[in-house]
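This report refers to the structure that appears directly beneath it.
All values derive from a computational prediction rather than experimental measurement. Proteins get letters first, then strands, A, B, ... in listed order; numbering begins at 1 in each.
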Amino acid sequence: MLDIKLVRTQPEQVVAGLAKRGFQFPMETFTKLDEERRRKLVEVEQLKNKRNTVSKEVGRIKAAGGDASAIIQEMQQVGEAIQQLDNDIRQLEDELNRLMLEIPNIPHESVPVGKDETKNKLIRSWGEPRRFDFEPKSHDEIGVGLGIMDFERAAKISGARFVVMKHWGAKLERALVNFMLDVHTSEHGYTEVFPPFLVNRASMTGTGQLPKFEEDMFKVTPGDYYMVPTAEVPVTNLHRDEILSADQLPIYYAAYTACFRAEAGSAGRDTKGIIRQHQFNKVELVKFCKPEESYMEHEKLVNDACKILEKLKLPYRVMLLCTGDQGFSAAKCYDVEVWLPSFNTYREISSCSNFEDFQARRANIRYRPAPGAKPEFVHTLNGSGLAVGRTVAAILENYQNEDGSVTVPEVLREYIGVDVIR
RNA sequence: GGAGGAGUGUCCGAGUGGUUUAAGGAGGCGGUCUUGAAAACCGUUGUACCGCAAGGUACCGGGGGUUCGAAUCCCUCCUCCUCCGCCA
């Protein structure tokens, strides 16, 4: 959520910032609601002050054995006026809140301005795409051929956009989760967290998935639960409505969860293979830090994600997303893209965002800069470290051999127990 | 799922309709005393919103209601505890 005071005091800055990402801020509606709310607030608070003062007087008169019926009658009308105003204010606040919850974040000044992904900026690339002396297969062809992926039975037991991983495939998936968590906890200083996969509405609102993206989420009945679309939601909300102390920061969490996405708007896209599934595994990195450190932490976060690909010796590149391509809550976002031979291009495998105080304001996550000082909002960041299914796909494709077997990356051999999957 | 109990500030904890601000204690911070520390004593101690300010308003798990006036009474929801049932 944007700072309502910023909108009030620097309206042209807010409008210009959001215009860069193609969003038009409804300034007229905002101003009308905000001004009316404040006007009524002043009015009702004056009335409440009167009521408080007079009610104490009533107590005093009654204790002294006097008759207070005249002022009590007068106060009845004041009470009615207060109730009416309180109702009006509540309604105005609801409307204002609904409006503000649907306003995306303002891009950071270092983000290139652009309408779509064609304006994303290449930051760096690592590794050389392998040259094959045979026609490389796609990961799903390899997986089905090895008997480690079963799409037909997945369709039978669940439906489209699901896969059953079997034998070495299942083991590879599990090995990658362990490998990623081990690297981030023992080499990058993250604390491992294993959160619930179902969360409440307040958590989904806190990180920005709701109210705007309701149709992308799986809602569970009975109960008011949502299945997590990413571990970002439960992990960021760990500190919702908390005031952290400055010496706790920065906080680094690494969490594995399955992720569940309805993929409502992506019919027909990536229907083959395991690139886009309703359920996938992901190790997520989440940081809470002081505002002045968030951009430094952002760079470190991207490097932590990249480190996994380097250890796996998978070629990748880092892209800085332009204003039109970054997510709703992000101020700045890098995508890490891994080389996939069958696509003959790089595909997103990690998305690393700095949300500044956008999520912290929604989720009310603050810290005290110094003992006794006023609390301020923290900055939150997160990034995939990495998407496990896509990593499986990248390994199968980049490490495939002509006979259909797949060489296991060196760092995974102790996790899996074989050198080659055949 | 059934029965009972509870939720108060950083923490413990008192408070079942009114008289200045939620008593008291602990902890934190500042001070006095002391060579220094401890003890003792004194002071101070949350969050948010509105307002140029003085100041005001709200918050006793959440929401709603009764009343001139609610931490206190009523309704509803949530969470935790005890017992019973079911269960990986």
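Remark: RNA chain B forms stems of 3 or more consecutive Watson-Crick or G-U wobble pairs, all pair distances under 3.5 Å, at B:1-7 with B:78-84, B:10-12 with B:24-26, B:27-32 with B:40-45, B:46-50 with B:55-59, B:61-65 with B:73-77.
Position along RNA chain B of the nearest nucleotide to A/Glu45 versus A/Arg60 favours A/Arg60 as the more 5'-ward residue.
Atom CG of A/Asp34 is separated from atom C1' of B/rG51 by 14 Å (rounded to the nearest Å). At whole-Å resolution of the value, CG in A/Asn49 and P in B/rU21 are 14 Å apart. Distance, A/Lys40 NZ to B/rG56 C1': 20 Å, rounded to whole Å. Here the P atom of nucleotide B/rU57 and the NZ atom of A/Lys48 are 10 Å apart, to the nearest Å. The nearest whole Å value for the distance from the CD1 atom in A/Ile4 to the P atom in B/rC49 is 10 Å. Separating the CZ atom of A/Arg366 from the C1' atom of B/rG46 is a distance of 10 Å, rounded to the nearest angstrom. Across the protein-nucleic acid pair, A/Arg37 atom CZ and B/rC50 atom P stand 6 Å apart, rounded to whole Å. One interatomic measurement links the two molecules: CD of A/Glu93 to P of B/rC49, which rounds to 11 Å at whole-angstrom precision.
Qualifying salt bridge (Lys or Arg N to Asp or Glu O under 4.0 Å) partners for A/Arg98, counting only residues two or more places apart in sequence or in other chains: none. For A/Val144, the side-chain contact (heavy atoms from CB on, under 4.5 Å) test picks out A/Phe151, with sequence neighbours left out. Residues meeting the salt bridge (Lys or Arg N to Asp or Glu O under 4.0 Å) test with A/Asp357, sequence neighbours left out: A/Arg361. Residues that satisfy the salt bridge (Lys or Arg N to Asp or Glu O under 4.0 Å) test with A/Glu299, not counting sequence neighbours, are absent from this structure.
Comparing B/rC73 with B/rA14, their P atoms sit 16 Å apart, to the nearest whole Å. Taking the C1' atoms as reference points, B/rC33 lies 11 Å from B/rA39, given to the whole Å. The gap from the P atom of B/rU57 to that of B/rG69 amounts to 15 Å, rounded to the nearest Å. For the C1' atoms, the distance from B/rU8 to B/rA22 is 8 Å, rounded to whole Å. One P atom belongs to B/rG2, the other to B/rC77, and the distance between them is 12 Å to the nearest Å. Between the C1' atoms of B/rG17 and B/rA71, the separation comes to 11 Å (whole Å). Rounded to the nearest Å, the gap between the P atom of B/rG1 and that of B/rG13 is 30 Å. Comparing B/rC11 with B/rG28, their P atoms are spaced 15 Å from each other, to the whole Å.
Among pairs with a residue in residues 382-392 of chain A, those fulfilling side chain to side chain donor-acceptor pair (under 3.5 Å) read A/Glu232-A/Asn382, at least two apart in sequence or across chains. Within the structure, the salt bridge (Lys or Arg N to Asp or Glu O under 4.0 Å) test picks out the following pairs touching residues 195-211 of chain A (sequence neighbours left out): A/Arg201-A/Glu214. Here side chain to side chain donor-acceptor pair (under 3.5 Å) pairs that include residues 10-22 of chain A, with residues two or more places apart or in two chains, number zero. For residues 166-181 of chain A, every residue pair satisfying the side chain to side chain donor-acceptor pair (under 3.5 Å) rule, not counting sequence neighbours, is listed here: A/Glu173-A/Asn281.
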Seminar exercise, completed: 5' to 3', nucleotides 63-70 of chain B under a 4.0 Å protein heavy-atom cut-off (B base, S sugar-phosphate only, - none) gives -SSS-BS-
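Note on A/Arg8: only backbone sugar-phosphate atoms sit closer than 4.0 angstrom, heavy atoms only; bases stay farther off.
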Strictly under 3.5 Å: I want the nitrogen or oxygen pairs between protein and nucleotides 74-81 of chain B, one per line.
none

Show me the side-chain donor-acceptor pairs of residues 413-420 of chain A shorter than 3.5 Å, one per line, residues at least two apart or across chains.
| unit_1 | atom_1 | unit_2 | atom_2 | d |
| --- | --- | --- | --- | --- |
| A/Arg413 | NE | A/Val408 | O | 2.8 |
| A/Arg413 | NH2 | A/Val408 | O | 2.9 |
| A/Tyr415 | OH | A/Asp182 | OD2 | 2.7 |

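In this structure, A/Phe218 has its ring center under 6.0 Å from that of A/His278.
A side-chain donor from one of A/Lys332 and A/Ser110 sits under 3.5 Å from a side-chain acceptor of the other.
Between A/Arg38 and B/rG51 there is a side-chain polar atom (N or O) within less than 4.0 angstrom of OP1 or OP2.
Taking CD of A/Glu242 as the start and CZ of A/Phe288 as the end, the distance is 8.5 Å to the nearest 0.5 Å.
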